[in-house]
Amino acid sequence: MAAAPATRVAVLGTGTLGAPMARNVAATGVQVTVWNRTAERVKPLADAGIRVAGTVAEAVAGADLVLTVLSDTAAVSSVMRDHGGLEAMRPGAVWVQSSTVGVQDTEGWTDAARAAGAVFVDCPVLGTRTPAENGQLVLLASGPDEARKVCEPVFEAIGKRTLWLGPAGTGTRLKLVVNTWLLSLVEVLAESVAFAKAMGFEAETFFSTIEQGGVSLPYVRLKGAAMDREEFPPDFTLRLARKDLRLVLDAAAGAGLPVPVVETVVGQFDRAIGAGHGEADYAATYLATRRTS
């Protein structure tokens, strides 16, 4: 594997996170090629001078580093197997997998990359649209030490901090732990806002009271305000958040650990999705709880 920092990068998936990540890497002078299943999503990148490939194989050919930023395991499999992404990577190139997938899926991709002669770096990220646009993501990287130098220009462009955590798969496990905390927190916040209103209080009274009591978090204002307004432009959709919690349940079952709170949160997310809010921000779980009369 080449030890030099990557100068040619392919970004596969240009959605909420992938598009700004591609822009930020290209802004450093690194040659970036993008591919996306839905062609209209890459048009703004093409207009900005970023090269757009017509196929996955064309995008990854000759790249030092291939970055996948896709919605789920099925999308990763489709792109890297069915569309020939892994087969088209040059020997020794680095595959940075940033989609949130399961523990077993990550182990499978590690083995598949090794068999194809590629170097696999498991690197889910913390952050949504705005941090991605500002290059302020936190990267949970795991993989072989020799991949670090190749990844440096990309990681510095897209993130404010990179945590190198150990062998590939460690990043995914930590991401699932963080999502357990974050998504459960949002559900508790939703129920607290709904309960405050049911008890006759304005949401602002609840927010300011817990701030003065020293038991608030910055996230309360961010997502609580959306709940109060009942406006949920998506930074991260409820449908994808529900997918991530199913991964948590699978990983917890594999570890023999009961997670009853997560099971409850999944049920609430399902109720909100069933009511038609799956493509809204995940704070829209509030709509499964709030009183309507």
Side-chain angles (χ1 to χ4, degrees), residues 1-36 42 44-46 48-53 59-70 76 80 85 89-90 92-101 106 109-110 113 118-175 178-179 182 235-236:
M1 183 186 74
T7 59
R8 294 172 297 176
V9 172
V11 178
L12 307 181
T14 58
T16 300
L17 298 184
M21 290 163 81
R23 287 181 185 274
N24 288 334
V25 175
T28 68
V30 170
Q31 178 184 314
V32 176
T33 302
V34 298
W35 175 89
N36 193 75
V42 297
L45 297 174
I50 295 174
R51 180 173 177 264
V52 175
V60 307
D64 304 311
L65 184 150
V66 175
L67 174 63
T68 48
V69 196
L70 301 160
V76 176
M80 298 306 285
M89 288 179 65
R90 67 169 180 77
V94 174
W95 173 17
V96 176
Q97 209 304 99
S98 290
S99 318
T100 301
V101 299
T106 300
W109 290 122
T110 304
V119 178
F120 185 78
V121 173
D122 168 39
C123 188
V125 302
L126 303 182
T128 52
R129 183 191 304 273
T130 300
E133 290 173 347
N134 295 333
Q136 293 292 298
L137 297 168
V138 175
L139 313 181
L140 307 181
S142 57
D145 289 343
E146 60 266 26
R148 294 190 185 192
K149 192 172 185 64
V150 181
C151 296
E152 278 178 1
V154 174
F155 288 1
E156 289 175 359
I158 66 178
K160 65 178 180 180
R161 184 172 297 111
T162 299
L163 305 179
W164 281 97
L165 299 164
T170 315
T172 282
R173 293 197 297 275
L174 184 56
K175 176 64 181 292
V178 172
N179 279 359
L182 175 61
D235 275 334
F236 185 62

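- Looking at residues two or more places apart in sequence or on another chain, you find no side chain to side chain donor-acceptor pair (under 3.5 Å) involving Thr162.
- The two atoms that bring Thr110 and Ala168 nearest to each other are OG1-CB, 3.8 Å, heavy atoms only.
- With sequence neighbours left out, the side chain to side chain donor-acceptor pair (under 3.5 Å) criterion links Asn179 to Asp244.
- Contact record, Val121 with Cys151: CG2-SG, 4.2 Å, taken as the closest heavy-atom pair.
- Smallest separation of non-hydrogen atoms from Pro124 and Gly171: CG-O, 3.4 Å.
- Shown are Leu67, Val11, Ile158; of these, the side-chain contact (heavy atoms from CB on, under 4.5 Å) with Ser98 is made only by Leu67.
- The ring pair (Phe, Tyr, Trp, His ring centres under 6.0 Å) contacts involving residues 7-33 comprise nothing, where partners must be two or more places apart or lie in separate chains.
- Side-chain contact between Glu156 and Thr28: absent, with no pair of heavy atoms (C-beta onward) separated by less than 4.5 Å.
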| message | Under the criterion side-chain hydrogen bond (donor to acceptor under 3.5 Å, both in side chains), I'd like the reasoning laid out for Thr33 against Gln31: C-alpha separation, chi angles, the key distance, then a yes or no. | response | CA-CA 7 Å; Thr33 302; Gln31 178 184 314; 4.6 Å; no

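- Note on residues 13-34: no pairs pass ring pair (Phe, Tyr, Trp, His ring centres under 6.0 Å), not counting sequence neighbours.
- Legend: salt bridge (Lys or Arg N to Asp or Glu O under 4.0 Å) pairs involving residues 7-32, not counting sequence neighbours, sorted by first then second residue: Arg8-Asp64.
- The shortest heavy-atom contact between Gly13 and Leu70 is CA-CD2, 3.8 Å.
- Not one N or O on the side chain of Lys175 forms a donor-acceptor pair closer than 3.5 Å with the backbone of Leu126.
- Listed by chain and number, the residues in a side-chain contact (heavy atoms from CB on, under 4.5 Å) with Val52 are Val34, Val42, Ala46 (sequence neighbours excluded).
- Applying the side chain to side chain donor-acceptor pair (under 3.5 Å) test to pairs two or more places apart or on separate chains, those with a residue in residues 118-134 are Asp122-Ser142, Asp122-Thr172.
- Contact annotation: the side chain of Thr14 approaches that of Leu45 to within less than 4.5 Å [non-hydrogen atoms, C-beta and beyond].
- Residues Met80 and Thr68 have side chains in contact (heavy-atom distance under 4.5 Å, counting atoms from C-beta outward).
- For the salt bridge (charged side-chain N to carboxylate O under 4.0 Å, His left out) test, no residue two or more places apart in sequence or in another chain qualifies with Arg161.
- Partners of Pro144 by side-chain contact (heavy atoms from CB on, under 4.5 Å), not counting sequence neighbours, listed by chain and number: Val119, Glu146, Ala147.
- Residues Thr16 and Asp235 are not in side-chain contact: their nearest non-hydrogen atoms beyond the backbone lie 4.5 Å or more apart.
- Within the 4.5 Å cutoff, side-chain heavy atoms of Leu165 are placed close to those of Leu174.
- Within the structure, the ring pair (Phe, Tyr, Trp, His ring centres under 6.0 Å) test picks out the following pairs touching residues 118-158 (sequence neighbours left out): Trp95-Phe120, Phe155-Trp164.
- Residues Ala22 and Ile50 approach most closely at O-CD1, 4.1 Å, considering heavy atoms.
- What you find for Leu12 and Ala59 is that their closest heavy atoms are CD2-CB, 3.9 Å.
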